[in-house]
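Structure first, commentary second.
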Amino acid sequence: MDRVDELAALLAAVDRSVERREARVIVLRGEAGVGKTSLLTRFAHEAAERHSSAHLLTGYGQAMLNSLASDSFQAVRECLRSLASSAQRSGSASRWRRITQSFKQNAPDWIESVPVVGQVLAAGVRTGQSYAASGGERTEMDSRLDQLLRLIEDIVTDTPLVMVLDDLHWADTATIDLLTAIALRVQGPLVLVLAYRSDQLKSTDQTHPLQRTVFKLCRYRPETPVIDLVRLSPNDTEELVRRTVAGPNISPGAVSRIVRLSAGNPLFAESLARVDQRGGHRPPQQITAVIEDRLSYLSSEDQRLLETAALIGYNFEVDYLAQLIRIDVDDVYERLHVLFDEHDLLRPAERRNDYDRYRIHHPLFAQVLRERGAANGPRWRRHHAKLLGILEAEQNWDDELFVRAAAVAVEAADGAKAGPLALQAARRQFALGAVSKARDLARIAVEHTPSFASHALLAECLSAGGDHAAAIDACVAGLALAASETVAAADVAHLRLLWARNLRMTCRWTQARQVLDQLAVDFPEPGGLLAETLNLYAEVALCGPTQACARCIELCDQVAAMTTEPEVQSRAFGHRGLAHLAAGQPMEAEQWRQKAIDIARSAGHPYAEYEAIHWLSKKTMACMEVERSSELLTQLREMSQTSGVASENPPHVRDLSRVLGLRGEFPNAANAFAVFTDISQTAASGRVSTTLACQLSEIEWRWGPVAAEDGTAPE
């Protein structure tokens, strides 16, 4: 994030220049927002401090987009002003006098560009014409180029010099020719840094003059380094986001979203972090301005092409695009090549089956392009309807295509197709363990085509995600629809069982028993359904208002003999382990709890193991076995890096806060609870408040009232 390698390369060039008293040229390039200006500012400061004993002077100039002819050499003039100010601030009267006299003798036509020098010279020479008229040695003035060359050559005979010229993609041709001559002709200790945006250097009409300069430098100064500033890594981007956000820790979900959307661009990451802190959701104006500026260089036809490409997706198929815009596919390839090679707005992407794909330059570019396209509602819906038809013509859909088809149907306002497609996609994502994505798709299915199946799947997703209160509501809604639909009795029973499980998770013991009693009556035959019912009975016996350890062990034995389903067996073994613990049999307890985890792992599904460990961590907390619970929660955090399941389930963050509080680690407990609050506040503020009250009550019970008030545990 600190651009250590690039900064070291720049400073090394200064070191060699000062030591060998030779000129060095450096080319620095990168896209907008990648951090060129901040790097160059830091470089100029550190170079001056590093070589203060050599009296090194630094100058910084920035080209601006300006069509006025009078603004020629603007970047150079700004650099000279910065250089003069650097000499004036050095505190050396002799050096400052040397600079002003050098301007007077060698570059009189540049004096008016540097007011601080002109003020010192006051009644002295103001222009080249007045200098000639005053009886100077030369009757014919040299060109501004020759004057500047003499000025720089004169300065570097006395002191090393660093000249930084930034944003040269906007510089006029005269400025670039001037800098080329300086780079090739000055021999003393000069470091000339030429920086520009690589994405704006190319033109459809002709090669940008700065590009020719870079070619020439690489030919005649082969030692010239060309440094490409690449985007930040995800880890560096995350560090930048956390440094940007002041005050409370930003939630992991928000950090992940910013890392994904910014795609390593520091400017975008910082802007998104500030907006996220204020509760915003759209890209900030600063980012939108950068993107719109990039797009403004394109023809209207290419802008519409990109909007349609973004409609397809961040990665889009060329064949789809050709069909949507009704252009021959070979012509589309040619236009995409221009956008890739000359405007740097696209990248070739990995093929999907037989389809060539491109990727839009940046996720936020895709988002802005989609917002542009959506502004024309009728065209947007028609294109999505056409894209849905293209997708439906494909065979052998994969998981990605199911999700895309559901999203496209929603944008096409085709509710009749959106609901079933979302339901199929949700089922596949849930089977993969992508609980959050499955939940969102299930909500789309419920919204567009509410049915028993869509509510049942939503209840499964909510339950797996730890939102048990919302899962209860989804179960009730699904069971209400079962009466008006043709639904298999086993499916209804499984939803009732899920209802009972979530009632138990919210400690509604009486209601849970009532649902279980009815299930036991309706399905008395040994089998999977009865096994799960008895499993829940065992949990109620262990964790309910009246603890019955022997009864729990008895029920667990019945379950183990009745089913070979890994998830059900895992629960039964876990119940039994905790029942032994509650009965004062720790050796047996550990044996059965480990067996529960082993059985879950044998299922070969990431969520099965996650659920077993998560469930056991909660039960060990219920038994106040804090150290064991802490070990299990550590396993959950490790799983989040491999399975992707734990990271989508906030309850283990809440449980971590509880364990840390019970261990007396109050600052860490507070931080963990803040993360849980960030994840859960919007959807369940009441539940968060209740959880906090319960945790404070536990801390007071374990550590005394002082701990709950000021967060300090007694020694």
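Note that the numbering runs from 1 along the sequence shown for the chain. Treat the numbers as computed from the prediction; the structure is a model and nothing was measured.
- Taking the side chain as every heavy atom from C-beta outward, Arg382 and Leu324 never approach each other to under 4.5 Å.
- Looking only at side-chain heavy atoms (C-beta outward), Leu39 and Leu10 come within less than 4.5 Å of each other.
- From Leu229, atom CG reaches atom CG of Leu28 across 4.5 Å, with rounding to the nearest 0.5 Å.
- Separation of atoms CG (Leu364) and CZ (Arg260) is listed at 9.0 Å; rounding is to 0.5 Å.
- Not one N or O on the side chain of Asn353 forms a donor-acceptor pair closer than 3.5 Å with the backbone of Tyr355.
- Considering only heavy atoms from C-beta on, Asp467 stays 4.5 Å or farther from Arg439 through its side chain.
- Under the salt bridge (Lys or Arg N to Asp or Glu O under 4.0 Å) criterion, Asp167 pairs with no residue, sequence neighbours left out.
- Under a 3.5 Å cut-off, the side chain of Arg29 and the backbone N or O of Asp228 do not form any donor-acceptor pair.
- At most 12 non-hydrogen atoms from other residues, nucleotides or ligands lie less than 6.0 angstrom from CZ of Arg219.
- The two residues Ala32 and Val290 make their nearest non-hydrogen contact at CB-CG1, 3.8 Å.
- By the 4.0 Å N-to-carboxylate-O rule, Lys417 lies close enough to Glu392 to be salt-bridged with it.
- Using a 4.5 Å cut-off on side-chain heavy atoms (C-beta onward), Leu387 and His383 make no contact.
- The shortest heavy-atom contact between Leu441 and Ala426 is CB-CB, 3.6 Å.
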May I have the step-by-step check of side chain to side chain contact (heavy atoms under 4.5 Å, CB included) for Leu305 and Leu339, ending in yes or no? CA-CA 10 Å; Leu305 179 142; Leu339 292 170; 3.7 Å; yes
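- At distances below 3.5 Å, at least one donor-acceptor pair connects side-chain atoms of Gln303 with backbone N or O atoms of Leu298.
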Give the intermediate values and the outcome of side chain to side chain contact (heavy atoms under 4.5 Å, CB included) for residues Ile176 and Tyr196. CA-CA 12 Å; Ile176 294 172; Tyr196 59 90; over 6 Å; no
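- Between Leu421 and Ala405, the closest heavy-atom pair is CD1-O, 3.7 Å.
- Contacts of Glu565 classified as salt bridge (Lys or Arg N to Asp or Glu O under 4.0 Å), with partners at least two apart in sequence or in another chain: none.
- At a threshold of 4.5 Å between non-hydrogen side-chain atoms, the residues Asp319 and Asp354 do not count as touching.
- Phe430 approaches Ala464 most closely through the heavy-atom pair CE1-CB, 4.0 Å.
- Between Leu495 and His455 there is no side-chain heavy-atom pair separated by less than 4.5 Å.
- Residues passing the side chain to side chain contact (heavy atoms under 4.5 Å, CB included) test with Glu485, sequence neighbours excluded: Ser451, Phe452, Leu481, Val487.
- Separation of atoms OG1 (Thr224) and NZ (Lys216) is listed at 13.0 Å; rounding is to 0.5 Å.
- Taking the charged nitrogens against the carboxylate oxygens, Arg372 and Glu292 do have a contact shorter than 4.0 Å, which makes a salt bridge.
- Minimum interatomic distance between Ala310 and Ala366 (heavy atoms only, all atoms of both residues): CB-O, 3.7 Å.
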Tell me, with the steps shown, if Ile360 and Gln367 meet side chain to side chain contact (heavy atoms under 4.5 Å, CB included). CA-CA 10 Å; Ile360 295 174; Gln367 183 172 336; over 6 Å; no
One pair to check against side chain to side chain contact (heavy atoms under 4.5 Å, CB included): Leu311 and Trp380. What are the steps and the verdict? CA-CA 8 Å; Leu311 175 150; Trp380 188 251; 3.6 Å; yes
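- Partners of Lys386 according to the salt bridge (Lys or Arg N to Asp or Glu O under 4.0 Å) rule, which considers only residues two or more places apart in sequence or in another chain, do not exist here.
- In terms of modelled atom types and a separation under 3.5 Å, the side chain of Glu238 and the main chain of Val259 share no donor-acceptor contact.
- In this structure, Phe268 CZ and Glu31 CD are separated by 7.0 Å, a value rounded to the nearest 0.5 Å.
- A distance-only check finds a donor-acceptor pair linking the side chain of Arg294 to the backbone of Asp344 [under 3.5 Å].
- The salt bridge (Lys or Arg N to Asp or Glu O under 4.0 Å) test applied to Arg352 returns Glu317, Glu394, not counting sequence neighbours.
- His343 places no side-chain N or O within donor-acceptor distance of the main-chain N or O of Val338, the cut-off being under 3.5 Å.
- The main-chain N or O of Tyr333 is never found under 3.5 Å from a side-chain atom of His337 such that the two would form a donor-acceptor pair.
- Proximity of Pro234 to Thr237: side-chain heavy atoms (C-beta onward) are nowhere separated by under 4.5 Å.
- Put simply, the side chain of Ser454 never gets that close to the backbone of Pro450: no donor and acceptor are under 3.5 Å apart.
- Side-chain N/O atoms of Thr308 and Arg379 include a donor and acceptor closer than 3.5 Å.
- What you find for Val230 and Val34 is that their closest heavy atoms are O-CG2, 3.5 Å.
- A distance of 9.0 Å separates CG in Leu306 from CZ in Arg335, rounded to the nearest 0.5 Å.
- A donor-acceptor contact shorter than 3.5 Å is absent between the side chain of Asp236 and the backbone of Gly264.
- Under the ring pair (Phe, Tyr, Trp, His ring centres under 6.0 Å) criterion, His361 pairs with Phe365, sequence neighbours left out.
- Screening Arg404, Arg428, Arg427 against Asp399 for a salt bridge (Lys or Arg N to Asp or Glu O under 4.0 Å) leaves a single residue, Arg428.
- Here the CG atom belonging to Leu261 is positioned 8.0 Å from the NE2 atom belonging to His362, to the nearest 0.5 angstrom.
- Side-chain atoms of Ser262 come within 3.5 Å of backbone N or O of Ile258 as a donor-acceptor pair.
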